[in-house]
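Below, chain A is the first sequence line, B the second, and so on; all start at residue 1. In what follows, every heavy atom counts, from backbone to side chain, and hydrogens, waters and symmetry copies are set aside.
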2 protein chains.
Amino acid sequence: MTAAGKHQVSRTETPRRGSRPGRAGIRDVAAAAGVSITTVSDALNGKGRLPDATRSHVREVADRLGYRPSAAARTLRTGKSGLIGLTVTTYGDEPFTFTEFAYFAEMARAATSAALARGYALVILPASSRHSPFDVWQNVALDGTVVIDPSDDDQVVTELMRQGLPVVSDGRPSGDLPVTAWVDNDHEAAVLELLDHLADAGARRIGLLTGTTTDTYTRLSTTAYLRWCERVGQDPVYESYPAHDPCAGAVAADRLLARPDRPDAVYGLFDPNGTDLLAAARRYGLRVPEDLLLVCCSESTVYASTEPPITTLSLKPRRIGTAVVQLLIDAIEGLNTGQPVEQVIPTELIIRTSSQRRPPRTTVSAPRSPSGD
Amino acid sequence: MTAAGKHQVSRTETPRRGSRPGRAGIRDVAAAAGVSITTVSDALNGKGRLPDATRSHVREVADRLGYRPSAAARTLRTGKSGLIGLTVTTYGDEPFTFTEFAYFAEMARAATSAALARGYALVILPASSRHSPFDVWQNVALDGTVVIDPSDDDQVVTELMRQGLPVVSDGRPSGDLPVTAWVDNDHEAAVLELLDHLADAGARRIGLLTGTTTDTYTRLSTTAYLRWCERVGQDPVYESYPAHDPCAGAVAADRLLARPDRPDAVYGLFDPNGTDLLAAARRYGLRVPEDLLLVCCSESTVYASTEPPITTLSLKPRRIGTAVVQLLIDAIEGLNTGQPVEQVIPTELIIRTSSQRRPPRTTVSAPRSPSGD
DNA sequence: TTGAAAGCGCTAACAA
DNA sequence: TTGTTAGCGCTTTCAA
């Protein structure tokens with residue numbers, strides 16, 4: 001063993017003051033291995049040009065001492081934490097709403113595994129930040145952040161970008177909010193395709209169940225619907241409701257089917273609309289798909305086994321979550337060219353019974369009363 | 001402005017070497033405010049006994065400079081990161097499975113908001129850890145960790161506890177795995193209550209759809225079922241399948257209803273079993289609840305609007321997620337007494353049409369008193 | 001091939 | 001009331 005005595009470490013047995021109790025530090029390993037802390041660092045991180053003997057010896061000693069490098073120290077020194085933020089809108093106490101739930105869960109799941117695969121971990125953070133020292137945002141060292149549907153003047157995004165941290169958004173940013181990159185679907189194209197599909201299945205008057213919120217998804221989808229109506233010369237038939245209220249959807253579905261100009265096909269923009277509409281149809285004695293064609297935007301697999309199975313539009317949250325994280329990590333690691341990157345993920349229309357009318361026979365019948373069968 | 005010149009900071013305009021570009025550090029704020037860095041730290045953190053004038057002046061300057069304290073440095077110094085790990089079992093590429101999905105999502109959601117409310121953020125981490133420097137676990141400074149259903153000899157848990165970090169588990173630890181605290185349901189009591197409910201509704205032969213895995217939940221629930229059968233003198237009728245395989249459930253449901261000793265009531269242990277069983281019943285021309293009573297363990301709201309609505313057992317993942325995080329943070333902050341803490345969360349049987357053979361009233365009566373109606 | 005030394009940016013004793 | 005100073009544990013030039 002080479003001259004352990006010449007190193008800067010405790011030749012005495014008393015641990016340095018302030019040292020964390022019980023846990024071995026890099027100095028302890030160096031002392032025990034009879035090398036310098038530099039050598040320990042290099043050996044453990046696969047750097048430097050050490051002989052294999054030294055390397056394995058150091059590793060062995062570190063192992064024996066149960067040495068775990070301090071992530072905080074490494075982060076402070078290198079400026080990289082390996083942590084990626086994922087913002088989550090909170091409504092009252094709960095992060096994200098019932099409506100966004102399946103989408104978000106799938107997206108987060110994909111994002112998590114994509115991040116882990118590249119050696120990063122996801123930190124869940126609220127979409128807004130108070131300007132106080134107790135704010136979580138202040139306490140976490142992030143290499144970059146994924147944001148979901150940032151608003152026009154999102155303060156968190158603005159601040160992060162100002163700090164020089166990359167921000168990638170799920171959903172194209174509205175206004176002139178600067179982001180490093182974004183990923184989104186082509187919502188307009190998706191709606192147009194879907195409406196054409198319903199028309200092909202025999203729909204004469206297609207209704208829309210939409211939201212009162214002004215987020216990009218709702219806005220683009222509704223606009224596309226209105227444009228389509230204009231193009232084919234149909235009067236728009238739609239009902240709006242606050243999508244974050246889990247009860248309001250059922251009421252709105254009912255309202256839509258109770259109208260004198262009742263549609264013979266409906267597209268629901270939000271995940272629970274399928275079951276809501278199905279239940280409403282049942283109340284009015286409408287058979288699906290014979291009397292009413294149904295499509296909703298959803299990521300839930302339950303629509304494969306409802307009675308009847310319901311056609312859904314999937315926004316492919318898994319692909320979005322993966323893409324968002326890849327773009328972010330590329331930006332963190334300086335792998336992309338520097339100009340804003342935009343990525344459009346295709347949607348998928350999963351056609352099931354509810355949007356396929358059997359032999360196109362009956363014309364639209366007159367509205368029935370809620371009780372009638 | 002008081003003697004700025006006497007401070008140790010750059011009276012020259014050149015930033016210190018190595019300083020992060022563009023971002024103001026505590027020294028810059030101190031210099032600009034004409035105070036020492038200690039005063040800046042104290043002013044910003046509400047510590048020390050500074051006059052309000054100094055405090056607000058410093059805050060103003062910090063604000064003007066866009067000063068953001070370095071989380072890494074603070075963590076290194078204080079030993080607290082404000083970060084809590086949440087482990088997630090990965091199957092292949094994807095974190096958590098379809099089966100656990102709704103439960104996990106709800107639990108994680110509650111855990112996230114509970115953590116945020118106390119100033120902590122959740123970091124999603126894989127349930128296993130390679131022993132390599134590229135392992136995510138090595139790169140994140142955690143104050144403590146929540147683990148879901150740790151196995152008998154969970155290496156990650158063992159290692160964390162050895163490091164002196166608190167670990168709270170969702171699901172009682174099996175074997176003699178040491179954890180700081182755990183939260184769980186009383187799975188046996190829940191199953192017994194549910195079987196009694198089915199028997200009260202007229203079930204003569206209750207079947208079970210269970211898993212082939214050996215996790216605690218599956219094991220305890222199955223054991224409870226077998227014990228109940230023995231007590232009432234019924235032959236057990238059950239089918240097992242690998243619960244993480246999304247397709248296997250439907251097959252097993254079919255198998256169960258195809259048996260010569262076909263049950264007249266079934267309890268499914270996993271979330272998708274409800275729709276699987278409903279579909280299987282339809283295939284065999286069995287009416288629910290007339291010919292077949294159905295209950296499954298699920299957190300999904302879709303069972304409220306299936307045809308017919310299906311009775312579910314909820315494990316209350318929200319309450320579990322909240323409890324787990326509270327216990328963990330209490331442990332981190334040294335608020336609890338030191339001995340192991342165990343917390344049992346009651347389950348909830350949500351009674352719907354599928355398990356009520358008697359007059360279809362919507363009123364939910366106590367499971368044990370069928371005579372009242 | 002290895003080691004010494006200089007910090008990363010902050011907080012908290014201890015001085016003044 | 002405020003400032004000086006000594007590190008937290010690591011990585012990284014630079015020197016030997």
Give me, pair by pair, the N or O atoms of the protein and of nucleotides 12-14 of chain D that are less than 3.5 Å apart, along with how far apart they are.
unit_1: dT12(D); atom_1: OP2; unit_2: K47(A); atom_2: NZ; d: 3.2
unit_1: dT12(D); atom_1: O4; unit_2: T38(A); atom_2: OG1; d: 3.1

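With sequence neighbours excluded, no residue satisfies side chain to side chain contact (heavy atoms under 4.5 Å, CB included) with S56(A). Contacts of R162(A) classified as salt bridge (Lys or Arg N to Asp or Glu O under 4.0 Å), with partners at least two apart in sequence or in another chain: E159(A). Evaluation of the side chain to side chain contact (heavy atoms under 4.5 Å, CB included) rule for S81(A) yields T75(A), L83(A), A141(A), D143(A) as partners, not counting sequence neighbours. Qualifying side chain to side chain contact (heavy atoms under 4.5 Å, CB included) partners for S129(B), counting only residues two or more places apart in sequence or in other chains: D135(B), W137(B), V156(B). Scored by the salt bridge (Lys or Arg N to Asp or Glu O under 4.0 Å) test, D330(A) finds R118(A) as partners (sequence neighbours excluded). In terms of the side chain to side chain donor-acceptor pair (under 3.5 Å) criterion, T54(B) has no residue partners (sequence neighbours excluded). Taking the side chain to side chain donor-acceptor pair (under 3.5 Å) definition, one finds that D170(A) meets it with Y103(A), sequence neighbours left out.
Counting only distance, with no hydrogens or angles, the side chain of R59(B) and the backbone of A43(B) share a donor-acceptor pair below 3.5 Å.
Of the listed nucleotides (dT11(D), dT1(C), dG3(D)), dT1(C) has the atom at the smallest distance from the side chain of P51(A). You'll find that the side chain of R27(B) is closest to dC10(C), out of dC10(C), dG3(C), dG9(D).
End-to-end axis angle for the helix from dT1(C)-dA16(D) to dA16(C)-dT1(D), using five pairs per end and rounding to 10°, comes out at 40°.
Atom CG of N45(B) and atom P of dA12(C) are 8 Å apart (whole Å). Going from atom NZ of K80(B) over to atom C1' of dC10(C) covers 17 Å, rounded to whole Å. Distance CG (N139(B)) to P (dG9(D)): 17 Å, rounded to an integer number of Å.
Both T54(B) and A73(B) lie near DNA chain D, and the one whose nearest nucleotide falls closer to the 5' end is T54(B).
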